[in-house]
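No hydrogens, no waters, no symmetry mates; every other heavy atom, side chains included, goes into these values. Starting from 1, each residue takes its place in the sequence as its number.
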Amino acid sequence: MRTSDPGKNNHGFTLIELLLVVAIIAVASAGVGFAMRDSAETELEQEAVRLAALLESGRARSQASGVPVVWRTTETGFEFRGLPAGALPQAWLSKSVAPSAPTALVLGPEPITWPQKVRLVTGGVNGRALEVGSDGVRPYTVRPVTASGAP
């Protein structure tokens, strides 16, 4: 039994078939894009988010105890002066991520401080950088750094 008109010549695809092919290509492209993501970029983002959380934790502990806490970089990682040894981690998780310059941030005990930031860079040749900073009132956040150097 024929379902089409005997006088018509059906040589094309239906709109549904074309949309299905486009959807399959889009899903496959997205999968390839995620699979090819730069691992150095991922490590930099993870370290930046981790550092923002650690700085907020140091700030909260300083405000709760009333003891000044200073975060500063060291040759082997970083340290929180004013907190008991081992209270917070003191090393980077990734060997390819480091601050761009020696930095010290005062985390408290005052609830409001001045704007502070630290720039993290990857050890690779692509020159990726992110800034972790606070305006002195809001929590520490991660911001991208543009080519001009301004966040």
Side-chain angles (χ1 to χ4, degrees), residues 12-151:
F13 297 104
T14 65
L15 181 60
I16 298 295
E17 291 170 331
L18 290 174
L19 288 174
L20 183 63
V21 169
V22 169
I24 290 171
I25 290 172
V27 169
S29 297
V32 168
F34 284 125
M36 294 179 65
R37 189 162 182 202
D38 185 14
S39 64
E41 180 179 333
T42 303
E43 288 176 350
L44 179 64
E45 290 173 6
Q46 288 175 343
E47 284 288 7
V49 170
R50 177 177 177 253
L51 179 60
L54 288 173
L55 292 174
E56 277 305 307
S57 180
R59 177 191 267 181
R61 288 175 183 228
S62 177
Q63 290 173 355
S65 68
V67 175
V69 173
V70 176
W71 176 89
R72 72 175 197 92
T73 58
T74 63
E75 289 187 20
T76 59
F78 51 86
E79 66 181 356
F80 290 88
R81 287 193 174 176
L83 291 178
L88 291 173
Q90 298 185 352
W92 304 106
L93 294 178
S94 171
K95 302 242 185 267
S96 66
V97 176
S100 62
T103 307
L105 305 176
V106 178
L107 303 177
E110 297 82 15
I112 299 176
T113 62
W114 56 89
Q116 304 180 87
K117 64 184 175 185
V118 60
R119 182 176 295 192
L120 297 180
V121 296
T122 59
V125 295
N126 59 1
R128 288 266 316 165
L130 290 174
E131 279 188 354
V132 177
S134 170
D135 64 358
V137 178
R138 294 185 189 95
Y140 284 89
T141 58
V142 178
R143 298 181 294 250
V145 177
T146 61
S148 67

### Task
Start with the C-alpha gap between Val145 and Arg119, add the side-chain angles, then the distance that decides, and say whether side-chain contact (heavy atoms from CB on, under 4.5 Å) holds.
CA-CA 8 Å; Val145 177; Arg119 182 176 295 192; 3.8 Å; yes

## Note on the structure
Hits for salt bridge (charged side-chain N to carboxylate O under 4.0 Å, His left out) against Glu56, two or more places apart or cross-chain, chain-then-number order -> Arg59

### Message
Ignoring hydrogens, what is the shortest heavy-atom contact between Pro111 and Gln63? Give both atom names and the distance.
### Response
CA-NE2, 3.3 Å

### Task
Specify the closest pair of heavy atoms between Gly82 and Val67, including all atoms of both residues, with the distance to one decimal.
O-CG1, 3.8 Å

#### Entry: Closest approach of Thr103 to Ala101 (non-hydrogen atoms, all atoms of both residues)
OG1-O, 2.8 Å

### Task
State the CG-CG distance between Leu44 and Leu130, to the nearest 0.5 angstrom.
4.0 Å

### Query
Hey, are the side chains of Ser57 and Tyr140 touching, using non-hydrogen atoms and a 4.5 Å cut-off?
no

### Query
Quick one: are Glu43 and Ser96 in side-chain contact, heavy atoms under 4.5 Å?
yes

### Task
Evaluate the side-chain contact (heavy atoms from CB on, under 4.5 Å) criterion for residues Phe13 and Val21: first the C-alpha distance (whole Å), next the side-chain angles of each, then the deciding distance (0.1 Å), finally the verdict.
CA-CA 11 Å; Phe13 297 104; Val21 169; over 6 Å; no

### Query
Do you know the tightest heavy-atom contact between Ala48 and Val132?
O-CG2, 3.6 Å

### Query
Hey, are the side chains of Leu120 and Ser100 touching, using non-hydrogen atoms and a 4.5 Å cut-off?
no

## Note on the structure
Closest non-hydrogen atoms of Gly108 and Ser62, given as atom of the first, atom of the second and distance, are C-OG, 3.1 Å

### Query
Do you know which of Glu47, Glu45, Gln46, Arg128 makes side-chain contact (heavy atoms from CB on, under 4.5 Å) with Val97?
Glu47

### Query
Parallel under 30°, tilted from 30 to 60°, perpendicular over 60°: which one fits the rings of Phe78 and Trp71?
tilted

### Under 3.5 Å donor-acceptor, Gln116 side chain and Val106 backbone
yes

### Query
Can you name the closest pair of heavy atoms from Pro115 and Asp135 and give their distance?
CG-O, 3.6 Å

### Task
Nearest 0.5 Å please: distance from the CG atom of Leu105 over to the CH2 atom of Trp114.
9.5 Å

### Message
Less than 4.5 Å apart, side chain to side chain, heavy atoms only: is that true for Val69 and Arg61?
### Response
no

### Task
Starting from the C-alpha separation in whole Å, work towards a yes-or-no answer on side-chain contact (heavy atoms from CB on, under 4.5 Å) for Leu93 and Arg50.
CA-CA 9 Å; Leu93 294 178; Arg50 177 177 177 253; 3.4 Å; yes

#### Entry: Spatial distance of atom CD1 (Ile24) from atom CG (Leu19) [nearest 0.5 Å]
11.0 Å

